[in-house]
Amino acid sequence: MLRTHEAGSLRAAHAGQTVTLTGWVARRRDHGGVIFIDLREASGVVQIVFREGEMAERAHRLRSEFVVKVVGVVTKRPEGSANADLATGTIEVYATELEVLNESVALPFQIDDHIEIGEDTRLRHRYLDLRRSGPANNLRLRSEVNRIAREVLHAERFVEVETPTLTRSTPEGAREFLVPARLQPGSWYALPQSPQLFKQLLMVAGMERYFQIVRCYRDEDFRADRQPEFTQLDIEMSFVDQDDIIALGEKILTAVWKGTVGYEIPRPFPRITYADAMAKYGSDKPDLRFDLQLTDLTEFFKDTPFRVFQTPYVGAIIMPSGASQSRRELDGWQDWAKQRGAKGLAYVLVGRDGTLGGGIAKNLAEAEREGLVKAVGANPGDCIFFGAGEPDQSRSLLGAVRVEIGRRAGLIDENAWSFVWVVDFPMFESTASLGANDVAVGGGRWTALHHAFTSPKPEWADRFEDDPGNALAYAYDIVCNGAEIGGGSIRIHRADMQQRAFSVMGIGPEEAQERFGFLLDAFKYGAPPHGGIAFGWDRVVMQLVRTESIREVVAFPKSGGGYDPLTAAPTPISATQRREAGVDAKPAAQR
RNA sequence: GGUCCUGUGGAGCAGUUGGAGUGCUCGCCGCCCUGUCAAGGCGGAGGUCGCGGGUUCAAGUCCCGUCAGGACCGCCA
């Protein structure tokens with residue numbers, strides 16, 4: 001090493017020692033006769049002192065982010081000049097030699113922890129952004145998360161296996177990224193949305209316990225918590241049931257949380273069924289950091305004269321103290337709801353004396369006005385929001401209102417951790433509710449909610465095709481503070497049941513063979529019962545560092561249009577590249 | 001595909017009902033300075049106000065279009 005010590009490791013005990021340090025000039029305070037330099041490297045910061053004569057003369061020419069090698073003597077700081085904000089604050093290094101290893105041109109932004117910089121600029125110079133402690137710590141913490149998870153899994157005798165990233169296109173969920181195959185012009189690889197099929201093959205292969213920290217690719221639109229390439233901790237086990245996977249998931253998460261942020265997650269984690277989550281919280285990823293619940297008022301309003309509430313479902317949620325909102329704030333809710341595709345957001349205000357006012361109060365029947373406050377459990381001064389229409393859509397809207405209330409009313413404890421397993425997901429969802437350009441598996445009325453290989457729960461094993469809309473799957477999600485950070489299922493391992501599931505989704509034997517033949521073939525050779533889980537690894541780290549943006553936990557993230565602000569990818573390719581890649585090859589006539 | 005927000009020296013922001021020279025903080029360059037630690041003082045450089053069009057005597061400001069970024073809806077098993 002070019003240095004004898006790490007700058008951030010120096011303490012009073014080193015006083016008197018001559019050390020050689022290397023690092024970046026973080027900040028300089030030039031007093032003419034004495035010059036202070038904050039030397040920064042990965043371990044931390046230490047103050048270097050240059051005094052009169054040649055040393056000061058040369059230090060005077062140092063600039064921000066010059067890379068230097070300094071030889072000097074560790075010295076206790078003079079009385080009263082210690083810096084309690086620095087780990088090395090009791091000492092400083094008196095420089096006796098200075099070598100500039102490299103210079104730096106003027107920076108596009110200051111490398112300073114307490115300065116805000118636009119994200120655009122940060123990402124264009126991400127290598128400078130990462131010199132700041134916040135972004136750097138995020139990457140280091142992510143590395144720790146990886147280490148801890150690997151330790152848990154290795155201790156449980158899991159096998160880390162790499163699966164292909166150039167693989168077969170198997171349209172099942174998200175849009176895929178495609179890669180032209182030079183050696184077979186006209187044919188294309190797909191980048192995996194997840195290693196789903198491969199990990200199931202590894203179960204057939206007798207690995208029994210597989211895991212992988214793996215990059216996945218989905219060519220879908222962005223969100224604050226989505227990137228086109230993202231990472232999963234992918235796990236699959238044989239001879240297990242749902243409780244075994246859940247127990248393992250809890251083991252990993254508790255170890256990760258304890259080892260990084262020092263929080264001991266109480267075990268077992270609570271569980272809630274999908275049906276309950278939707279009914280009580282209007283979401284399949286309920287944020288249980290606050291207790292607000294939806295109230296089902298369908299029965300209460302069954303004879304209502306108010307036409308808007310003459311619907312299959314009417315529900316309500318309370319905003320505590322919401323009656324004091326201004327007209328403008330209440331109008332704001334209407335805009336907010338309309339932006340989510342609702343017609344509006346009906347509400348009533350509960351007055352100090354318990355009488356109803358505002359919004360739709362005057363549209364309700366006398367008896368309804370009298371019974372409403374008790375029916376929803378409101379207090380004087382509250383605001384009651386309503387959702388009416390189809391159950392799914394109305395609950396989703398109220399669920400979104402719930403989260404928004406939590407935010408606006410300050411009901412969320414930002415230091416809390418709330419974990420919950422959502423279990424008993426429906427096996428299928430109706431394709432009627434899907435948008436026109438959705439990539440549904442098969443051409444049937446039903447499509448898999450989780451994925452096509454998800455097993456029904458035992459009580460539905462013999463009859464899921466009789467009532468696909470209500471059949472429950474052995475599928476589960478893990479939710480942390482209202483964010484889905486992982487999910488999995490017990491898989492179907494028998495060909496006959498798989499075929500039945502396919503037929504509900506309108507996939508006949510021939511089509512199944514064409515699409516998933518390699519998996520179905522494998523299952524003919526004694527596939528063990530198996531199941532697994534995949535954690536959205538970026539989202540796990542997002543939770544740990546308490547950020548809303550996935551870009552904060554990715555080393556070199558992409559921005560909105562899939563654009564990489566640093567490398568400017570994607571770029572056009574040359575005519576030669578086009579020819580070689582076979583991008584323009586005419587496909588053989590469709591059969 | 002849709003809705004909303006933002007775009008002003010290198011960075012972060014301000015700029016009123018349209019009105020005289022676009023201002024502030026930080027950084028950058030030079031000089032001064034022996035105890036600072038987000039050092040301080042003096043001086044200086046640096047701006048097609050994202051781009052195009054329109055309204056007007058006059059546009060950073062109003063209107064239309066467009067581009068880029070962000071958030072959300074759709075979409076993401």
Side-chain angles (χ1 to χ4, degrees), chain A residues 26-38 45-53 56 60 63-65 77-86 88-89 92 105-125 128-129 170-176 193-194 196 216-228 230 332 335-342 396-397 400 404 425-429 434-442 447-454 473 475 477 484 487-489 505 534 536 548-549 551 559-561 563 565:
Chain A
R27 203 169 272 285
R28 71 211 140 84
R29 293 174 292 279
D30 188 340
H31 293 240
V34 60
I35 298 174
F36 301 100
I37 297 285
D38 289 339
V45 172
V46 71
Q47 174 164 281
I48 313 287
V49 186
F50 298 87
R51 283 200 174 275
E52 31 200 320
H60 181 69
R63 290 294 179 269
S64 288
E65 301 306 310
R77 292 202 188 186
E79 197 68 22
S81 62
N83 184 348
D85 296 336
L86 287 183
T88 60
E92 56 198 0
V105 298
L107 300 164
F109 55 84
Q110 291 162 46
I111 296 173
D112 191 328
D113 287 342
H114 46 259
I115 273 182
E116 247 182 69
I117 307 154
E119 187 171 32
D120 205 26
T121 312
R122 288 177 52 199
L123 295 186
R124 210 162 46 240
H125 304 277
L128 296 179
D129 186 41
T170 54
E172 39 177 312
R175 200 174 295 115
E176 298 170 316
Q193 306 167 36
S194 81
Q196 184 59 40
C216 305
Y217 307 86
R218 293 179 190 174
D219 189 5
E220 295 290 345
D221 285 356
F222 282 63
R223 280 290 190 286
D225 61 353
R226 280 192 230 156
Q227 287 269 296
F230 62 98
D335 296 339
W336 179 90
K338 278 174 192 154
Q339 214 196 315
R340 299 180 152 262
S396 296
L397 177 66
E404 193 62 24
F425 275 79
M427 194 170 172
F428 304 104
E429 71 181 325
L434 298 175
N437 44 7
D438 191 35
V439 194
V441 183
T447 183
L449 186 72
H450 184 66
H451 64 59
F453 313 102
T454 301
D477 279 356
E484 181 199 327
S489 64
M505 294 181 269
E548 303 270 303
S549 167
R551 286 171 241 108
S559 69
Y563 179 75

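Just so we're on the same page: letters track the sequence lines, and every chain starts at 1.
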With [atom1] as the reference atom in both, quote the distance from [N] to [M] in angstrom, rounded to an integer.
{"N": "B:G50", "M": "B:G15", "atom1": "P", "answer": "14 Å"}
{"N": "B:C57", "M": "B:C62", "atom1": "C1'", "answer": "16 Å"}
{"N": "B:G9", "M": "B:G60", "atom1": "C1'", "answer": "14 Å"}
{"N": "B:G18", "M": "B:A59", "atom1": "P", "answer": "13 Å"}
{"N": "B:G43", "M": "B:G35", "atom1": "P", "answer": "23 Å"}
{"N": "B:A14", "M": "B:G21", "atom1": "P", "answer": "24 Å"}
{"N": "B:C49", "M": "B:G7", "atom1": "C1'", "answer": "10 Å"}
{"N": "B:C28", "M": "B:A71", "atom1": "P", "answer": "31 Å"}

So [X], base contact, sugar-phosphate only, or nothing? Heavy-atom distance under 4.0 Å.
{"X": "A:Q110", "result": "base"}
{"X": "A:R340", "result": "sugar-phosphate"}
{"X": "A:S194", "result": "base"}

Backbone N or O of [Y] within a donor-acceptor pair of the [X] side chain at under 3.5 Å?
{"X": "A:T454", "Y": "A:M427", "result": "no"}
{"X": "A:R218", "Y": "A:Q193", "result": "yes"}
{"X": "A:R175", "Y": "A:D219", "result": "yes"}
{"X": "A:R77", "Y": "A:G89", "result": "yes"}
{"X": "A:R226", "Y": "A:D221", "result": "yes"}

For this session: Report the base-pairing partner of B:U17 (Watson-Crick or G-U wobble, both distances below 3.5 angstrom), or none.
Result: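 Base-paired to nothing in any strand shown.
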Exercise. Does B:G46 have a Watson-Crick or wobble partner in any strand here, with both distances under 3.5 angstrom, and which is it?
Worked result: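 Partner of B:G46: none.
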Could you state the [atom1]-[atom2] distance from [X] to [N], rounded to the nearest angstrom?
{"X": "A:H60", "N": "B:C29", "atom1": "NE2", "atom2": "P", "answer": "10 Å"}
{"X": "A:E65", "N": "B:G27", "atom1": "CD", "atom2": "C1'", "answer": "13 Å"}
{"X": "A:F222", "N": "B:G74", "atom1": "CZ", "atom2": "C1'", "answer": "16 Å"}
{"X": "A:E404", "N": "B:C72", "atom1": "CD", "atom2": "P", "answer": "11 Å"}
{"X": "A:E116", "N": "B:C26", "atom1": "CD", "atom2": "P", "answer": "17 Å"}
{"X": "A:I35", "N": "B:C32", "atom1": "CD1", "atom2": "P", "answer": "12 Å"}
{"X": "A:L449", "N": "B:C76", "atom1": "CG", "atom2": "P", "answer": "11 Å"}

Between the protein and nucleotides 68-70 of chain B, list the N/O to N/O atom pairs that are separated by less than 3.5 angstrom.
{"from": "B:G70", "atom 1": "OP1", "to": "A:G560", "atom 2": "N", "distance (Å)": "3.1"}
{"from": "B:G70", "atom 1": "OP2", "to": "A:G560", "atom 2": "N", "distance (Å)": "2.8"}
{"from": "B:G70", "atom 1": "O3'", "to": "A:R551", "atom 2": "NH2", "distance (Å)": "3.3"}

For this session: Using the closest heavy atom to pick a nucleotide of RNA chain B for each, name whichever of A:R226 or A:S549 lands nearer the 5' end.
Result: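 Nearest-nucleotide comparison on RNA chain B picks A:S549.
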So which protein nitrogen or oxygen atoms get under 3.5 Å of nucleotides 35-43 of chain B's nitrogens or oxygens?
{"from": "B:G35", "atom 1": "N7", "to": "A:R51", "atom 2": "NH2", "distance (Å)": "2.5"}
{"from": "B:G35", "atom 1": "O6", "to": "A:R51", "atom 2": "NE", "distance (Å)": "3.4"}
{"from": "B:G35", "atom 1": "O6", "to": "A:R51", "atom 2": "NH2", "distance (Å)": "2.1"}
{"from": "B:G35", "atom 1": "O6", "to": "A:Y94", "atom 2": "OH", "distance (Å)": "2.4"}
{"from": "B:G35", "atom 1": "N1", "to": "A:E92", "atom 2": "OE2", "distance (Å)": "2.9"}
{"from": "B:G35", "atom 1": "N2", "to": "A:E92", "atom 2": "OE1", "distance (Å)": "2.6"}
{"from": "B:G35", "atom 1": "N2", "to": "A:E92", "atom 2": "OE2", "distance (Å)": "2.9"}
{"from": "B:U36", "atom 1": "O4'", "to": "A:H31", "atom 2": "NE2", "distance (Å)": "3.4"}
{"from": "B:U36", "atom 1": "O2", "to": "A:R29", "atom 2": "NE", "distance (Å)": "2.6"}
{"from": "B:U36", "atom 1": "O2", "to": "A:R29", "atom 2": "NH2", "distance (Å)": "3.4"}
{"from": "B:U36", "atom 1": "O2", "to": "A:Q47", "atom 2": "OE1", "distance (Å)": "3.3"}
{"from": "B:U36", "atom 1": "N3", "to": "A:Q47", "atom 2": "OE1", "distance (Å)": "2.8"}
{"from": "B:U36", "atom 1": "N3", "to": "A:Q47", "atom 2": "NE2", "distance (Å)": "3.0"}
{"from": "B:U36", "atom 1": "O4", "to": "A:Q47", "atom 2": "NE2", "distance (Å)": "2.8"}
{"from": "B:U36", "atom 1": "O4", "to": "A:R77", "atom 2": "NH1", "distance (Å)": "3.3"}
{"from": "B:C37", "atom 1": "O4'", "to": "A:R29", "atom 2": "NE", "distance (Å)": "3.0"}
{"from": "B:C37", "atom 1": "O2'", "to": "A:R29", "atom 2": "NH1", "distance (Å)": "3.4"}
{"from": "B:C37", "atom 1": "O2", "to": "A:Q47", "atom 2": "OE1", "distance (Å)": "3.4"}
{"from": "B:C37", "atom 1": "O2", "to": "A:N83", "atom 2": "ND2", "distance (Å)": "3.1"}
{"from": "B:C37", "atom 1": "N3", "to": "A:R77", "atom 2": "NH1", "distance (Å)": "2.7"}
{"from": "B:C37", "atom 1": "N4", "to": "A:R77", "atom 2": "NH1", "distance (Å)": "3.3"}
{"from": "B:C37", "atom 1": "N4", "to": "A:S81", "atom 2": "O", "distance (Å)": "2.4"}
{"from": "B:A38", "atom 1": "O4'", "to": "A:H114", "atom 2": "NE2", "distance (Å)": "3.2"}
{"from": "B:A38", "atom 1": "O3'", "to": "A:R27", "atom 2": "NH1", "distance (Å)": "3.1"}
{"from": "B:A38", "atom 1": "N9", "to": "A:H114", "atom 2": "NE2", "distance (Å)": "3.4"}
{"from": "B:A38", "atom 1": "N3", "to": "A:H114", "atom 2": "NE2", "distance (Å)": "2.9"}
{"from": "B:A39", "atom 1": "OP1", "to": "A:R27", "atom 2": "NH1", "distance (Å)": "2.9"}
{"from": "B:A39", "atom 1": "OP2", "to": "A:R27", "atom 2": "NE", "distance (Å)": "3.4"}
{"from": "B:A39", "atom 1": "OP2", "to": "A:R29", "atom 2": "NH1", "distance (Å)": "3.2"}
{"from": "B:A39", "atom 1": "N6", "to": "A:D30", "atom 2": "O", "distance (Å)": "2.5"}

Problem set entry | Residue A:Q339, side-chain atoms from C-beta onward, closest of B:G12, B:C72, B:C75 |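 Nearest nucleotide to the side chain: B:C72.
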Exercise. Does A:R63 have a side-chain nitrogen or oxygen under 4.0 Å from the phosphate oxygens OP1 or OP2 of B:G30?
Worked result: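 For A:R63, the contact criterion (side-chain N or O under 4.0 Å from OP1 or OP2 of B:G30) is met.
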For this session: Can you sort out the partners of A:H31 under ring pair (Phe, Tyr, Trp, His ring centres under 6.0 Å), two or more places apart, ordered by chain and number?
Result: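 Listed in chain order: A:F36.
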